[in-house]
Amino acid sequence: METPKTYEPLKAEEKWYAHWMEKGYFHSVPDDREAYTIVIPPPNVTGVLHMGHMLNNTIQDVLIRRARMLGKNACWVPGTDHASIATEAKVVQKLRQEGIKKSDLTRDEFLKHAFEWKDKHGGIILEQLKKLGASCDWERTSFTMDPGYSESVLDVFVDLYKKGRIYRGVRMVNWDPEALTAVSDEEVLHKEVNSKLFYVRYKIAGSDDQWLTIATTRPETILGDSAICINPNDKRFTHLHGKQAIVPISNRIIPIIQDDYVDMEFGTGCLKVTPAHDTNDYDLGKKHNLETIDIFNDNGTLNEKGLHYDGLDRFEVRKQIEKELYDKGYLVKTEDHINKIGFSERTNAVIEPKLSLQWFVDMKELAQPALENVMNGNIKFHPDKFKNTYKHWMDNIKDWCISRQLWWGHQIPAWYFGSGSEDYVVAKTADEAMQLATVKAGRAISISELKQDEDVLDTWFSSWLWPISVFDGLTNPGNEEIKYYYPTNDLVTAPEIMFFWVARMIIAGYEYMGDLPFKNVYYTGIVRDKLGRKMSKSLGNSPDPIELIEKYGADGVRMGVLISSPAGNDLPFDSSQCEQGRNFTNKIWNAYRLVSAWDVREIEQPKSSIKAIEWFDAKFNQELAIINDLFDKFRISEALMAIYKLVWDDFCSWYLEMIKPGYEQPIDSKTIEATKDFFEQILKVIQPFTPFIAEEIWHLIRTRNDGDDIIIAEWPKVKAVNQAVLDSFTKGEEVIINIRNVRKQNNIANKVKMDLFIKKNNEIDSSFDSVIVKMGNLSLLEYSETAISNANSFIVNSNEYYIPFGDSIDIEAEKAKLKEELEYTKGFLNSVQKKLQNEKFMAGAPDQVVVMERKKESEALSKIAILEEKLTSMV
RNA sequence: GGGGGAUUAGCUCAGUUGGUUCAGAGCGCCUGCCUUACAAGCAGGAUGUCGGCGGUUCGAAUCCGUCAUUCCCCA
């Protein structure tokens, strides 16, 4: 059967993935080998694969596949995250479409719907990862709400509470009025928006017609004002000291206080203080013992404190109150103004600072080991520069608000038994809670009296345990698996979640395992489109990864996302990169086609093939050492580029051309065997990047026993590099390129054989002459004592090369070329000599550098002599 | 406003302690080729005041200062 001209990836991909699964190559159990472990950053359980996942998971798969070949017990743990806010929002939306309101359901009913949704849509993303070739240990698939996992989350909550690290308190939180939950600082996106600055005047209490004017962007919060604040140093307002003001519309009387917090330059210098609705005002209020007037309901409408605006949305009130203030003569003027407003990352609702009773983790001390061990390099960041960002955050770490007003997630194990603010206990189960409550209350408390906290924990409060809990390290401490797999090796993730997730995993690692969770963190960049925009669903600028795979093959797409994506740099993605990847797989495919088509006979091995084999052996080992080094430094895309060039340029363009027999000529068995060996080595090196085609050709190129699969083959070992052969080849290569140039410049077809004469002036390495003859398509290679006239010529290593070409040669053009080269060489010599004549250079530069300069000088001198002689002889 | 990056070819990026012809790679571009594995290919080629200015040095893409542009994080 004819081997197709182009590689057809889809069939091979399906076949080999199924084969690998069947053989259990992805599955890991502890044994006496060294463990190499990666835990996947768990995607949202209801998510679908996007380009960010593609990049992230391809890198992980490359690392895990290489580790497997290095003989390590490679274990890549997959799984998903319950993603409380996002998932709950989706379930609520789906129920709404069915005409069901969340508020009409009990918690249990809602959770039933949520789990149904999760079972239906959950794990789609994991199936998509299989298409990419991800070699995860699917038997270990974890979910942050698995029973065992949930148990560890509750254990940790109880434990931290007992240690005094978790407390309940009133704090100003970022309230999402749409999702009806608090969100963490990190989930708030600050954006600049055009808004208005309203100048509103307040009457001074007890005066007839004395006023002060404040500037605010949120006039609706006037109804919650508790004070006016001025800077005590502000000369303009000394007459206001000790006075009171009357709030417009509500006509409440509020004090005028002084605090140097007020910026005298901003607005009017008079600040209205609304402690319930602004973080800074809240702090001011606490400091000055001001009343806190909360005028909002949880959904962003005004409550009864909002007087006649009761029940209206905050933005509608802003419009209406502007008119009322104007009509009643309070509104002095409005100005256009640009300010930054916080939006919810999940719902895009404008965040409302809101006072509420929440659970917090006190982070200061917990964070210490996590900071130290990154700064001292026990945990390495790639690239290293992210340490700076990390340090800055950890130095200024704030307490972590971990309660969320949702149902989907881990319900907070706090149990209330009375109406007092301290009438609660923290316990994993109701039974334990009952006992604790009985002690705390000093009376018998029954289970029915207990009411569990309605809120759930922040999703990150479960995912920070990921590297521990996927091995049951908390519910079954010291078990065989946690001992074997923890600490894991490498984590691959996005810098955006350095604080949400990475820092907290490190904190949890030291707190609960007394050890780091992973040794290296590889930060990927953001995948952007051609215009530099972040790829997102809302912009619709993200290609569907599965469609890309169908078009270019998984191997092609894997290469496409990795080829220009250094760690920490954004990836400006364009599908042309996948095309490049696909072309690469096709290139390998055709190399295989070539090698497989040769007719093998017991004939003499050509000299040129012997040299070619010597050379490629040296070249391969030289490059392999470089590739290994790049891997060690996590320079994955550079490693890929090195491999790309090794395969395309060195193996295909040079090696295969050197050994390729003439048309319909047979090949000798020694050369074909060596070539197949090389091919195998190359397949091994590309296997982490393009596993499917590697496996496919591995099985085509030689007959394999059952279980002889490349995925578990041994990574090549670096052998000694024959540097002398590499050096000889470099000179031969230069000659070949010069010959090709002569052809090109004189329009001599490749088929036409040419003669080459060499005038030896200097040491000459003739070991690659046979290769030069073959690659240059020469009929003759001869050494000559004299220069050849009427010939194209070039100089390599001070030796003169001549290709006679009858009478059609253009003497003038040839002379011009020589003159140009002469000028360049003279200029070069001049700069070298200037250096050598500089006493300070001679005194300051190391010997090695001086020797190099001298060598350059002598080479340039002899080249000039040759060029001048040629020019004079060409008259 | 505070902190951290970045700026090298048309694009995306390498460039280790200042010193080999150090100004590089891939893509793109230009030229010529349907040469017998591959036109998803082959062979050649061009491209840069290393963001600006100043300084240190025998020598600076690399070190220092400063300005500019830009991205990220925090307030």
Side-chain angles (χ1 to χ4, degrees), chain A residues 3-7 185-186 188 190 263 279-280 340 342 383 385-393 395-396 398 495-496 498-499 525-526 528 530 532 552 556 563-566 568-574 576-577 579-598 629-630 633 635 637-638 640-642 644-645 648-649 652-653 656-657 660-665 736-745 747-752 775 777 824-825 828 831-832 834-846 848-853 855-856 859-860:
Chain A
T3 313
K5 217 170 164 178
T6 47
Y7 173 56
D185 289 345
E186 291 79 10
V188 178
H190 295 272
D263 180 356
T279 313
N280 297 315
K340 279 198 172 172
K385 65 181 179 188
F386 284 114
K387 271 163 82 169
N388 296 329
T389 320
Y390 181 82
K391 180 175 192 302
H392 191 248
W393 192 77
D395 280 341
N396 299 294
K398 287 182 286 181
E496 301 154 43
M498 190 192 295
F499 310 123
I526 296 167
R528 298 181 180 278
K530 269 195 275 191
Y552 299 107
I563 196 78
S564 71
S565 174
N569 276 52
D570 286 357
L571 167 64
F573 181 80
D574 186 80
S576 68
Q577 289 157 237
E579 209 173 303
Q580 193 185 351
R582 179 205 58 183
N583 293 354
F584 180 69
T585 55
N586 194 51
K587 184 73 184 174
I588 299 168
W589 179 252
N590 276 287
Y592 158 69
R593 246 181 16 116
L594 176 68
V595 170
S596 67
W598 287 329
D629 185 54
L630 290 169
K633 291 176 178 153
R635 304 180 75 143
S637 53
E638 283 177 66
L640 174 58
M641 184 55 74
Y644 179 86
K645 287 195 278 188
W648 201 304
D649 299 341
C652 293
S653 296
L656 289 180
E657 292 299 330
K660 187 158 118 183
Y663 183 52
E664 294 196 329
Q665 297 295 303
I736 293 164
I737 288 171
N738 271 293
I739 294 171
R740 285 174 177 165
N741 267 321
V742 168
R743 276 189 195 277
K744 170 106 176 164
Q745 278 157 16
N747 269 321
I748 305 168
N750 291 321
K751 293 180 196 172
V752 178
M775 300 293 280
N777 197 19
Y824 173 83
T825 314
F828 177 66
S831 76
V832 172
K834 233 158 106 186
K835 256 192 228 176
L836 288 167
Q837 281 155 14
N838 184 332
E839 281 172 35
K840 284 180 179 168
F841 170 77
M842 298 303 283
Q848 202 192 340
V849 175
V850 176
V851 169
M852 282 318 294
E853 292 299 315
K855 196 176 159 205
K856 282 195 238 167
E859 278 172 8

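Heavy-atom basis, side chains included; hydrogens, waters and symmetry copies ignored.
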Asker: What integer number of Å spans the P atoms of B:A6 and B:G15?
Answerer: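 The same atom, P, in both gives a distance of 11 Å.
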
Asker: Taking the side chain of A:Asn741 as heavy atoms from C-beta outward, which of B:A37, B:G41, B:G45 is closest to it?
Answerer: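 Selected nucleotide (nearest to the side chain): B:G45.
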
Asker: So A:Ser653, base contact, sugar-phosphate only, or nothing? Heavy-atom distance under 4.0 Å.
Answerer: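 Touches sugar-phosphate only.
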
Asker: Does any nucleotide pair with B:C63 by Watson-Crick or G-U wobble geometry, both distances under 3.5 Å, and what is it?
Answerer: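 Check on B:C63: paired to B:G55, both distances under 3.5 Å.
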
Asker: Is A:Asp649 salt-bridged to A:Lys645, going by a charged N under 4.0 Å from an acidic O?
Answerer: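 Between A:Lys645 and A:Asp649 there is no salt bridge, as every charged N stays at least 4.0 Å from the carboxylate O atoms.
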
Asker: To the nearest Å, how far apart are A:Leu594 CG and B:U35 C1'?
Answerer: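 A:Leu594 atom CG is separated from B:U35 atom C1' by 13 Å.
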
Asker: Using atom P in both nucleotides, what's the gap between B:U20 and B:G59 to the nearest angstrom?
Answerer: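 15 Å, rounded to whole Å.
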
Asker: With sugar-phosphate meaning primed atoms plus P, OP1 and OP2, does A:Asn388 contact a base, only sugar-phosphate, or nothing at under 4.0 Å between heavy atoms?
Answerer: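 Counting heavy atoms under 4.0 Å across all strands, the contact made by A:Asn388 is with sugar-phosphate only.
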
Asker: In whole Å, what separates the P atom of B:A40 from that of B:G45?
Answerer: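 Nearest-Å result for B:A40 against B:G45 at atom P: 24 Å.
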
Asker: My understanding is that a pair needs two contacts under 3.5 Å, Watson-Crick or G-U wobble. By that rule, which nucleotide pairs with B:U69?
Answerer: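 Base-paired to B:A6.
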
Asker: Whole angstrom is fine here: how far is it from CD in A:Glu579 over to C1' in B:G41?
Answerer: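 Taking atom C1' of B:G41 as the reference, CD of A:Glu579 is at 13 Å.
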
Asker: Expressed in angstrom and rounded to an integer, what is the separation of A:Trp598 atom CH2 from B:U36 atom C1'?
Answerer: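 It is 12 Å, rounded to the nearest whole Å.
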
Asker: What's A:Lys587 touching, base or sugar-phosphate or nothing? Going by heavy atoms closer than 4.0 Å.
Answerer: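 Base, at least one base atom sits under 4.0 Å.
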
Asker: Between B:U16 and B:C11, how far apart are the two C1' atoms, rounded to whole Å?
Answerer: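 It comes out at 26 Å once rounded to the nearest Å.
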
Asker: How long is the line joining CG of A:Leu630 and C1' of B:U16, in whole Å?
Answerer: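 Distance, rounded to whole Å: 12 Å.
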
Asker: Taking atom C1' in both B:G51 and B:U62, what distance in whole Å separates the two?
Answerer: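 Approximately 16 Å lies between the C1' atom of B:G51 and that of B:U62.
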
Asker: Identify the pairs formed between an N or O of the protein and an N or O of nucleotides 32-34 of chain B at a distance under 3.5 Å, and give each distance.
Answerer:
none

Asker: The side chain of A:Asn590 is closest to which nucleotide in this list: B:A37, B:G44, B:G4?
Answerer: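 Nearest nucleotide to the side chain: B:A37.
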
Asker: For the side chain of A:Arg593, counting heavy atoms from C-beta on, which of B:C38, B:G15, B:G4 is nearest?
Answerer: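 Nucleotide nearest to A:Arg593's side chain: B:C38.
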
Asker: In whole angstrom, what separates A:Asn777's CG from B:C42's P?
Answerer: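 Value for this atom pair: 19 Å.
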
Asker: Checking contacts here: which listed nucleotide (B:C42, B:A37, B:U35) is nearest the side-chain heavy atoms of A:Lys751?
Answerer: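 Closest nucleotide to the A:Lys751 side chain: B:U35.
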
Asker: With rounding to whole Å, what would you report as the distance between B:G2 and B:A46 at their C1' atoms?
Answerer: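 Going atom to atom, C1' in each nucleotide, I get 47 Å.
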
Asker: Expressed in whole Å, how much space separates the C1' atoms belonging to B:G3 and B:A61?
Answerer: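 Looking at atom C1' only, B:G3 and B:A61 are 27 Å apart.
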
Asker: Judged by atom type as modelled, is there a donor-acceptor pair below 3.5 Å linking the side chain of A:Asn590 to the main-chain atoms of A:Lys5?
Answerer: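 Answer holds: yes.
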
Asker: Measuring from the side chain of A:Arg740 (C-beta onward, heavy atoms only), which nucleotide among B:A37, B:G44, B:A14 has the closest atom?
Answerer: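 Of the options given, the side chain of A:Arg740 lies nearest B:G44.
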
Asker: Using Watson-Crick or G-U wobble geometry with both distances under 3.5 Å, which nucleotide pairs with B:U16?
Answerer: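 Pairing partner: none.
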
Asker: The side chain of A:Ala591 is closest to which nucleotide in this list: B:A37, B:A39, B:A14?
Answerer: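 When the side chain of A:Ala591 is considered, B:A37 is the closest of B:A37, B:A39, B:A14.
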
Asker: Taking only nitrogen or oxygen atoms into account, show me every contact under 3.5 Å that the protein makes with nucleotides 23-26 of chain B, one pair per line with its distance.
Answerer:
| residue | atom | partner | partner atom | Å |
| --- | --- | --- | --- | --- |
| B:A25 | O2' | A:Lys645 | NZ | 2.9 |
| B:G26 | O2' | A:Gln580 | NE2 | 2.9 |

Asker: At under 4.0 Å between heavy atoms, what does A:Glu657 touch on the DNA or RNA strands: base, sugar-phosphate, or nothing?
Answerer: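 Touches a base.
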
Asker: Under 4.0 Å: is that the gap between some side-chain N or O of A:Lys5 and OP1 or OP2 of B:A40?
Answerer: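 Looking at the OP1 and OP2 atoms of B:A40, neither is under 4.0 Å from any side-chain N or O of A:Lys5.
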
Asker: Checking base pairs now: Watson-Crick or wobble, both atom distances under 3.5 Å. What partners B:A46?
Answerer: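 With both distances under 3.5 Å required, B:A46 matches none.
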
Asker: Checking A:Asp629 now: which residues fulfil side-chain contact (heavy atoms from CB on, under 4.5 Å) with it, not counting sequence neighbours?
Answerer: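 side-chain contact (heavy atoms from CB on, under 4.5 Å) list for A:Asp629, sorted by chain: A:Lys633.
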
Asker: Measure from OH on A:Tyr390 to P on B:C72 and round the result to the nearest Å.
Answerer: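 That distance rounds to 23 Å.
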
Asker: Round to the nearest Å and state the distance from A:Gln577 atom CD to B:G28 atom P.
Answerer: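 It is 11 Å, rounded to the nearest whole Å.
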
Asker: At 4.0 Å (heavy atoms only), tell me whether A:Arg743 reaches a base, stays on the sugar-phosphate, or touches nothing.
Answerer: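 Counting heavy atoms under 4.0 Å across all strands, no contact is made by A:Arg743.
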
Asker: Considering every strand shown, what is the Watson-Crick or G-U wobble mate of B:C22 when both distances are under 3.5 Å?
Answerer: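 Paired with B:C22, as far as the under-3.5 Å criterion goes, is no nucleotide at all.
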
Asker: The test is side-chain contact (heavy atoms from CB on, under 4.5 Å); show your working for A:Tyr7 and A:Arg582 and say whether it passes.
Answerer: CA-CA 9 Å; A:Tyr7 173 56; A:Arg582 179 205 58 183; over 6 Å; no

Asker: What is the distance from CZ of A:Phe499 to C1' of B:G3, rounded to the nearest Å?
Answerer: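 My rounded result for the distance is 11 Å.
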
Asker: Looking only at atom P, what distance separates B:U8 and B:G52, rounded to whole Å?
Answerer: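 Between the two P atoms, the distance is 10 Å.
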
